[in-house]
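Below is one structure, written out as structure tokens; the observations come after it.
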Amino acid sequence: MASMRVAQVSRPGGDWELVERPIPEPGDHQVRIKVEACGICHSDVLTKDGLWPGLQYPRIPGHEVAGVIDALGSNVSNWKVGQRVGVGWHGGHCFVCNQCRRGNFILCENGKVTGISFDGGYEEYMIAPAEAVAAMPDELSAADAAPLMCAGITVFNALRNSGAQAGDVVAVQGIGGLGHLGIQYSRQMGFRTVAIGRRSDKEPLVKKLGAHAYIDTDTQNVTTELAKLGGARVVLATAPDAKSMAPLIEAVAPAGKLLVVGAPLEPFPVSALTLITGMRSIQGWASGTAKDSEDTLNFSVLSGVRPMIETFPLAQVGEAYEKMLTGKARFRAVITMGS
């Protein structure tokens, strides 16, 4: 039986294990993907450290997958062998719960998560539910497309559903894996884009990414600076740090929104009076479906948005994961197969 290389975790907090496994066969309504690249996301810590309830081990993480369909299971009619595809965080839905019946597939009561509910993309071949697969444009390389399957779709989908209109002030907090894409999408959607970060040496980069202005929190007050622009219609919080997020609601314009896509594990305090007197709101956003992923990829081709990446072979998964975890990756670490 043919085998493949995988990077798995056998217990919560366990070390990375590079092992050989038999190449799996797709079942009913499934496809097999020959993985070409898989991005490393901060949410992979949920699998690595066992923070997701009911997680079964051993498990292969990875939900930023790009590759080519290698085989089809039964009852799959909408995909073809050889088609370039991606798989993101949303790993499928049941079609029958109340949320699915309303078309809210991302909120499926029985939804699956790639790399948590089933093995993800830190492997040479993976099995995915057919409904979780997104078509990948030829104009994108696999390494560039992979981070867009989670980081990209998360900020793109959040912004396009935020209620902001062309010309509105949109502030992006955090200049990392999510933030550097959020700045690009915000600019390309026609928003007056303000980047929020630490240290003045980041200003040239954020301007290159498309920001109209930069606020350095080491020397400037975010609320004061955004007030000069009338406040932000939307503040997109991408850095998973509760202390950094907490003050941002004060910088939101009346009737505006703090849109949270970075996921700190600890809570952060919010003043009820600030919400009430300014009719401000706080909303979370959880990526999107495979169709949303396709929209993200196609918009990226149309607008020229691309992730800044560092690539690693599968054998260096530990090094790549550590660079992500410590914030040293610039700005997305991507595992590439065949190297």
Side-chain angles (χ1 to χ4, degrees), residues 1-6 8 21-39 47 56 59-143 145-150 152-153 157 286-298 300-301 335 337-338:
M1 180 179 292
S3 63
M4 63 176 182
R5 297 179 304 155
V6 313
Q8 68 179 25
R21 284 195 192 180
I23 296 177
E25 294 296 328
D28 190 41
H29 293 100
Q30 293 180 333
V31 304
R32 185 172 71 200
I33 298 170
K34 188 178 190 300
V35 178
E36 296 178 330
C38 185
T47 302
Q56 296 182 352
R59 180 60 75 214
I60 300 170
H63 57 267
E64 294 185 342
V65 186
V68 177
I69 291 180
D70 170 74
L72 303 176
S74 57
N75 296 308
V76 177
S77 59
N78 56 327
W79 300 109
K80 298 178 181 179
V81 172
Q83 194 166 358
R84 302 182 75 234
V85 295
V87 181
W89 170 267
H90 181 68
H93 41 273
C94 71
F95 295 98
V96 297
C97 71
N98 285 334
Q99 291 297 335
C100 283
R101 292 175 64 197
R102 290 187 169 93
N104 298 324
F105 298 120
I106 189 63
L107 300 178
C108 174
E109 297 167 17
N110 305 297
K112 299 181 178 69
V113 179
T114 308
I116 292 179
S117 306
F118 56 90
D119 286 334
Y122 292 18
E123 56 181 334
E124 293 178 315
Y125 294 85
M126 71 167 284
I127 302 297
E131 74 271 14
V133 176
M136 183 167 64
D138 291 337
E139 293 88 345
L140 286 173
S141 70
L148 301 181
M149 297 304 300
C150 181
I153 182 182
N157 215 21
S287 67
T289 64
K291 188 65 182 78
D292 295 317
S293 293
E294 290 183 2
D295 291 346
T296 302
L297 297 176
N298 290 329
S300 299
V301 170
I335 297 171
M337 305 301 170

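In what follows, every heavy atom counts, from backbone to side chain, and hydrogens, waters and symmetry copies are set aside. Count residues from 1 along the sequence. Computed from a prediction, not measured in an experiment: that's the story for all the values here.
- Here the shortest heavy-atom pairing between Glu36 and Val68 reads OE2-CG2, 3.5 Å.
- In this structure, CD in Gln56 is found 9.5 Å from OG in Ser117, a value given to the nearest 0.5 Å.
- Not one N or O on the side chain of Asn157 forms a donor-acceptor pair closer than 3.5 Å with the backbone of Ile153.
- Put simply, the side chain of Arg59 never gets that close to the backbone of Gly115: no donor and acceptor are under 3.5 Å apart.
- Arg5 places no side-chain N or O within 3.5 Å of a backbone atom of Glu124 that could act as its donor or acceptor partner.
- For the pair Met149 and Val65, the tightest heavy-atom approach, listed with the atom from each and the gap, is CG-O, 3.7 Å.
- Taking NE2 from His63 and NE2 from His90, the interatomic distance works out to 13.5 Å, rounded to the nearest 0.5 Å.
- Closest non-hydrogen pair, Gly92 versus Ala132, comes out as N-CB, 3.9 Å.
- Distance alone, capped at 3.5 Å, is enough to place a donor-acceptor pair between the Glu294 side chain and the Ala135 backbone.
- When atom types are taken as modelled, the side chain of Asp119 and the backbone of Ile60 share a donor-acceptor pair closer than 3.5 angstrom.
- Side-chain contact between Ile335 and Met337 is present, with at least one heavy-atom pair separated by less than 4.5 Å.
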Apply side-chain contact (heavy atoms from CB on, under 4.5 Å) to residues Leu148 and Leu140 and explain how you reach the verdict.
CA-CA 10 Å; Leu148 301 181; Leu140 286 173; 4.1 Å; yes

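- Counting heavy atoms from C-beta outward, Ile116 and Thr114 have side chains that stay 4.5 Å or more apart.
- Inter-residue side-chain proximity for Val6 and Tyr122 is flagged as unmet; no heavy-atom pair is nearer than 4.5 Å.
- For the atom pair CD (Gln30) and OG (Ser74), the distance works out to 8.5 Å, reported to the nearest 0.5 Å.
- Closest heavy-atom contact between Gly62 and Cys38: CA-SG, 3.7 Å.
- The CE atom of Met4 sits 7.0 Å away from atom CD1 of Ile23, with the distance rounded to the nearest 0.5 Å.
- Nearest heavy atom pair, residue Ala128 against residue Phe118, reads CA-CE1, 4.4 Å.
- Asn104 CG to His93 NE2: the interatomic distance, rounded to the nearest 0.5 Å, is 11.0 Å.
- Between the Asn298 side chain and the Asp295 main chain, no donor and acceptor come within less than 3.5 Å of each other.
- In this structure, the side chain of Trp79 engages the main chain of Ala130 through a donor-acceptor pair within 3.5 Å.
- Scanning all heavy atoms of the two residues, the minimum distance from Ala145 to Met136 falls at CB-SD, 3.3 Å.
- A heavy-atom distance below 4.5 Å is found between the side chains of Glu131 and Phe95.
- Atom CD1 in Ile106 sits 15.0 Å away from atom NZ in Lys291 (nearest 0.5 Å).
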